[in-house]
Amino acid sequence: KILGLEKGADIYITKPFAFRELKAHIRSLLQLRESMKKKFRDYTFWAERELEITSSDESFIQRVIRIVETNMSDPSFDVNALSEAVNMSQTRLYRKLKALTGMTIKEFIQGLRIRRAAALLLSRDDKNISEIAYEIGFNDPNYFGKVFKTVYGMSPSEYIKKNS
């Protein structure tokens with residue numbers, strides 16, 4: 001039982017078990033997954049602060065975030081490249097990210113890029129929107145604008161005006 005928990009099992013229940021106990025464990029695990037999804041969706045991924053590693057899932061997400069951030073400016077960095085970098089099949093990576101964050105691999109990568117772009121747009125650098133789009137790995141500034149608008153509900157220039 002201890003070996004199973006040390007290897008990363010969330011819970012370990014031996015037979016015979018009480019049905020109420022099983023339901024309580026399942027409810028607890030589902031609540032934990034939902035809170036983790038919300039945390040990773042809302043987390044400003046490039047913040048200077050460090051998260052405390054409390055589980056193997058958080059450690060995994062932090063590793064994926066570091067890999068994406070390292071390769072963010074590379075427009076060819078995509079689902080395949082991330083799968084190779086974490087040494088997982090696309091299917092397995094998709095399932096794991098979807099379970100933890102509620103996002104697909106592509107949405108996760110784009111989300112990191114767009115959030116970085118939002119921070120860069122508000123920084124006082126002398127970069128225009130196109131330069132920022134290229135810096136975060138978009139080949140087409142128009143497509144960047146479309147993606148940005150779907151995430152923030154406004155164009156990058158409107159975002160700058162509203163938040164300046």
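The residues of the chain are indexed from 1 along the displayed sequence. Because the structure is predicted, anything quoted here is derived from the model rather than measured.
Atom OG1 of T70 is separated from atom CD1 of I65 by 11.5 Å, given to the nearest 0.5 angstrom. Between E158 atom CD and S155 atom OG the span is 3.5 Å, to the nearest 0.5 Å. Remark: K161 NZ to L121 CG distance equals 13.0 Å, nearest 0.5 Å. Between atom CZ of residue R95 and atom CZ of residue R92 there is a gap of 10.5 Å, rounded to the nearest 0.5 Å. The CG atom of L82 lies 14.0 Å from the NZ atom of K106; values are rounded to the nearest 0.5 Å. Taking OG of S83 as the start and CE of M88 as the end, the distance is 8.5 Å to the nearest 0.5 Å.
No donor-acceptor contact under 3.5 angstrom links the side chains of S89 and T91, judged on distance only.
Linking Ile, Leu, Val, Met, Phe, Trp and Tyr whenever their side-chain heavy atoms come within less than 4.5 Å leaves I2 and I11 in two separate clusters. By the criterion of side-chain heavy atoms lying less than 4.5 angstrom apart, applied directly or through intervening Ile, Leu, Val, Met, Phe, Trp or Tyr residues, I13 is not grouped with F19; the two fall into different hydrophobic clusters. Placement of F60 and L32 within a single hydrophobic cluster is found when ILVMFWY residues are connected by side-chain heavy-atom separations under 4.5 Å, directly or transitively.
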Go through it in stages, so that I can follow the logic: the residues are I109 and D78, the test is side-chain contact (heavy atoms from CB on, under 4.5 Å), and I'd like the CA-CA distance, side-chain angles, deciding distance and then a yes or no. CA-CA 8 Å; I109 294 170; D78 60 2; 5.6 Å; no
For the pair L97 and I61, evaluate side-chain contact (heavy atoms from CB on, under 4.5 Å) and give the outcome as yes or no after the intermediate values. CA-CA 8 Å; L97 274 180; I61 289 291; 3.7 Å; yes
Under the criterion side-chain contact (heavy atoms from CB on, under 4.5 Å), I'd like the reasoning laid out for R113 against F77: C-alpha separation, chi angles, the key distance, then a yes or no. CA-CA 11 Å; R113 285 182 165 155; F77 186 78; 3.8 Å; yes
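F108 is not listed as a side-chain neighbour of V79, based on a closest heavy-atom distance of 4.5 Å or more. Side-chain contact between K149 and M154 is absent, with no heavy atoms from C-beta onward closer than 4.5 Å. Within the 4.5 Å cutoff, the side chain of L122 has heavy atoms near those of the Y159 side chain. Two residues are said to be in side-chain contact when any heavy atoms from C-beta on lie closer than 4.5 Å; P141 and I129 fail this criterion. F144 has its side chain out of reach of D140: every pair of non-hydrogen atoms, C-beta onward, lies at least 4.5 Å apart. With contacts defined as side-chain heavy-atom distances shorter than 4.5 Å, the pair M103/Y94 does not qualify. Under the 4.5 Å side-chain criterion, counting only non-hydrogen atoms from C-beta, R116 is in contact with E69. Side-chain contact between P75 and Y134: absent, with no pair of heavy atoms (C-beta onward) separated by less than 4.5 Å.
Scanning all heavy atoms of the two residues, the minimum distance from E107 to G102 falls at OE1-O, 4.3 Å. Across A85 and R63, no two heavy atoms sit closer than the pair O-NH2, 3.6 Å. Looking at every heavy atom in both residues, Y152 comes nearest to A118 through OH-CB, 3.5 Å. Between I132 and K127, the shortest heavy-atom distance links the atoms CG1-CB, 4.0 Å. Nearest heavy atom pair, residue S130 against residue N128, reads N-OD1, 3.1 Å.
Ring geometry, Y143 versus F138: the interplanar angle falls from 30° to 60°, so the pair is classed tilted.
Between the side chain of T150 and the backbone N or O of V147 there is at least one donor-acceptor pair closer than 3.5 Å. No donor-acceptor distance shorter than 3.5 angstrom exists from the side chain of Q31 to the backbone of S28, with no hydrogens or angles considered. In this structure, the side chain of N71 does not engage the main chain of D74 through any donor-acceptor pair within 3.5 Å.
For N87, the CG atom sits in a loose shell: 12 or fewer heavy atoms of surrounding residues, nucleotides or ligands are nearer than 6.0 Å.
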